[in-house]
Amino acid sequence: MDEWVVLVLAMVAVIVVVVSVIVLRGRRVGTGEDPSETPDVIEYMTMMIGVVYAIVLGLAIAGVWEARNSAQATVQAEAQALHEIQERVQAFAPAAREQVRADVDTYVRYVVHKEWPGMLDDGQLTDKGKELLDKVRADITAYEPRNDRESQSYQPLLDQAGAADAARNARAQSAGDTMPGVVWFGLIGGALVAVGLIYTLQIRRSPRELLLAGLYSALIAFLLFLIWDFDSPFGHYVGDTTDAFTDLFAV
């Protein structure tokens with residue numbers, strides 16, 4: 001099921017539950033309830049809890065957003081370094097040039113089609129991918145430049161191979177989820193408290209109040225979904241963050 005469909009269903013479900021509880025509570029209490037009787041201290045505590053939870057949500061969103069941007073920059077750096085290798089190796093002898101390009105293509109295809117799904121599932125990179133990238137570096141290292149033109153291209157190619165390896169290592173470090181389980185416990189628990197506090201204010205069943213309660217609950221559900229969506233730095237599907245590879249290579 002598409003994640004946006006899940007989001008819409010979750011928001012609708014939250015609105016239905018919150019509004020239903022308010023309506024049922026209003027019928028049980030009856031018309032004798034006076035909202036003005038709510039103690040000032042409860043209103044103050046409700047406001048403070050809402051402010052604190054909003055700050056926590058903002059920090060969580062900023063954290064996962066920064067992690068996603070950093071992950072995308074890492075992927076871009078790795079793909080660009082490999083692309084530079086394919087272009088700059090033009091100065092090498094035909095046999096060596098084709099060997100390097102073939103090994104780069106093999107590595108990229110393996111990363112996109114084999115390694116990426118496993119990385120999204122368990123947050124781990126494979127030894128096979130490391131071996132394929134080492135093969136690219138070994139091809140360049142083993143080549144002996146025959147003239148000044150090849151010598152001038154040799155060191156930059158080694159630098160790009162090192163950059164690709166560094167970007168791969170950074171990708172390995174960013175492969176896991178951003179938010180620890182204890183943070184999720186706090187976010188979900190805080191959401192239940194924030195929504196539950198609606199009922200401490202003796203909210204009534206007028207259309208305006210029901211609308212505001214529903215929108216408030218739906219907003220919290222949306223923000224939690226947003227955090228969940230960005231919690232995986234490389235997305236939840238292979239195509240989410242592999243554009244850097246697929247745009248530069250025919251995979």
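Computed from heavy atoms alone, side chains included, the values below leave out hydrogens, waters and symmetry copies. Predicted, not measured: the structure shown is a model, and the values here were computed from it.
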(request) Please report the shortest heavy-atom distance between A175 and G123, naming the atom on each side. (result) CB-O, 3.4 Å
(request) Among R168, K128, R109, Q124, find the one that has a side-chain contact (heavy atoms from CB on, under 4.5 Å) with E115. (result) R168
(message) Is there a continuous path of hydrophobic side-chain contacts, each under 4.5 Å between heavy atoms, that joins V12 to V5?
(response) no
(request) Report yes if the side chains of T178 and F230 come closer than 4.5 Å at any heavy-atom pair, otherwise no. (result) no
(request) Sequence neighbours left out, what passes side-chain hydrogen bond (donor to acceptor under 3.5 Å, both in side chains) with Y110? Give chain and number order. (result) T126
(message) Can you confirm whether D127 is buried at CG, in the sense that more than 12 heavy atoms of other residues, nucleotides or ligands lie under 6.0 Å from that atom?
(response) no
(request) Identify the heavy atoms of D165 and L133 that sit nearest to each other, and give their distance. (result) CA-CD2, 3.7 Å
(request) To the nearest 0.5 angstrom, please state how far the CG atom of L120 sits from the OH atom of Y237. (result) 10.5 Å
(request) Please round to the nearest 0.5 Å and tell me the distance separating atom CD1 of I85 and atom OH of Y107. (result) 10.0 Å
(message) Run the side chain to side chain contact (heavy atoms under 4.5 Å, CB included) test against A71 and tell me which residues pass, sequence neighbours left out.
(response) P233, F234
(request) Give, for atom CZ of F249 and atom CG of L82, the distance between the pair rounded to the nearest 0.5 Å. (result) 5.0 Å
(request) Verify the cluster assignment for L197 and L212: are they in a single hydrophobic cluster under the rule of side-chain heavy atoms below 4.5 Å apart? (result) no
(message) According to side chain to side chain contact (heavy atoms under 4.5 Å, CB included), who are the partners of D247, at least two apart in sequence or on a separate chain?
(response) D243
(message) Membership question, hydrophobic clusters at under 4.5 Å side-chain separation (ILVMFWY): are V56 and V195 in the same one?
(response) yes
(request) Return yes if some donor-acceptor pair links the side-chain N/O of S20 with the main-chain N/O of V16 below 3.5 Å, else return no. (result) yes
(message) Under 4.5 Å side-chain heavy-atom separation, chaining through any Ile, Leu, Val, Met, Phe, Trp or Tyr, what else clusters with F185? Say none if it is isolated.
(response) none
(message) Run the side-chain hydrogen bond (donor to acceptor under 3.5 Å, both in side chains) test against Q160 and tell me which residues pass, sequence neighbours left out.
(response) none
(request) Can you tell me which residue pairs pass the side chain to side chain donor-acceptor pair (under 3.5 Å) test with a partner in residues 210-233, sequence neighbours excluded? (result) W184-D231
(message) If I compare all heavy atoms of G214 with all of I15, which pair ends up nearest, and what's the gap?
(response) O-CG1, 3.4 Å
(message) Quick one, N169 and L125 - any side-chain contact, counting heavy atoms below 4.5 Å?
(response) no
(message) For Q155, is the CD atom crowded, meaning more than 12 foreign heavy atoms sit under 6.0 Å from it?
(response) yes
(request) Answer yes or no: are there more than 12 heavy-atom neighbours, outside R149 itself, under 6.0 Å from its atom CZ? (result) no
(request) Give a yes or no on whether L210 and V17 share a hydrophobic cluster (residues Ile, Leu, Val, Met, Phe, Trp, Tyr; joining criterion: side-chain heavy atoms under 4.5 Å apart). (result) yes
(request) Search all heavy atoms of T241 against all heavy atoms of V75 and return the closest pair with its distance. (result) O-CG1, 3.5 Å
(request) For residues A221 and M11, report the shortest heavy-atom separation together with the two atoms involved. (result) CB-CG, 4.3 Å
(request) Identify, with sequence neighbours excluded, every residue that meets side-chain hydrogen bond (donor to acceptor under 3.5 Å, both in side chains) alongside D105. (result) Q86
(message) According to side chain to side chain contact (heavy atoms under 4.5 Å, CB included), who are the partners of A96, at least two apart in sequence or on a separate chain?
(response) F92, Y143
(message) With rounding to the nearest 0.5 angstrom, report the CG to CD1 distance, L57 to I227.
(response) 5.0 Å
(request) With rounding to the nearest 0.5 Å, note down the distance linking CD in E66 to CD1 in I61. (result) 14.0 Å
(message) Please determine whether side-chain contact (heavy atoms from CB on, under 4.5 Å) holds for the pair H113 and V108, giving the CA-CA distance in whole Å, both sets of side-chain angles, and the decisive distance to 0.1 Å.
(response) CA-CA 8 Å; H113 297 296; V108 171; over 6 Å; no
(request) For D134, enumerate each residue passing the side chain to side chain contact (heavy atoms under 4.5 Å, CB included) test, keeping only those at least two apart in sequence or located in another chain. (result) K130
(request) Give the minimum heavy-atom separation between A194 and Y53, together with the two atoms involved. (result) CB-CD2, 4.1 Å
(message) Rounded at 0.5 Å granularity, tell me how far CD in Q72 sits from CD in Q76.
(response) 9.5 Å
(request) Determine which pairs satisfy side chain to side chain donor-acceptor pair (under 3.5 Å) with at least one residue from residues 90-99, sequence neighbours left out, and list them in order. (result) Q90-R101, Q99-D103
(message) Under 4.5 Å between side-chain heavy atoms, counting indirect links through other Ile/Leu/Val/Met/Phe/Trp/Tyr residues: same cluster for V18 and V8 or not?
(response) no
(message) Between E78 and F245, is there a side-chain heavy-atom distance shorter than 4.5 Å?
(response) yes
(request) Check salt bridge (charged side-chain N to carboxylate O under 4.0 Å, His left out) between R88 and all other residues, then give those that pass, not counting sequence neighbours. (result) E84
(message) Just to verify, what does W65 make a side-chain hydrogen bond (donor to acceptor under 3.5 Å, both in side chains) with, not counting sequence neighbours?
(response) none
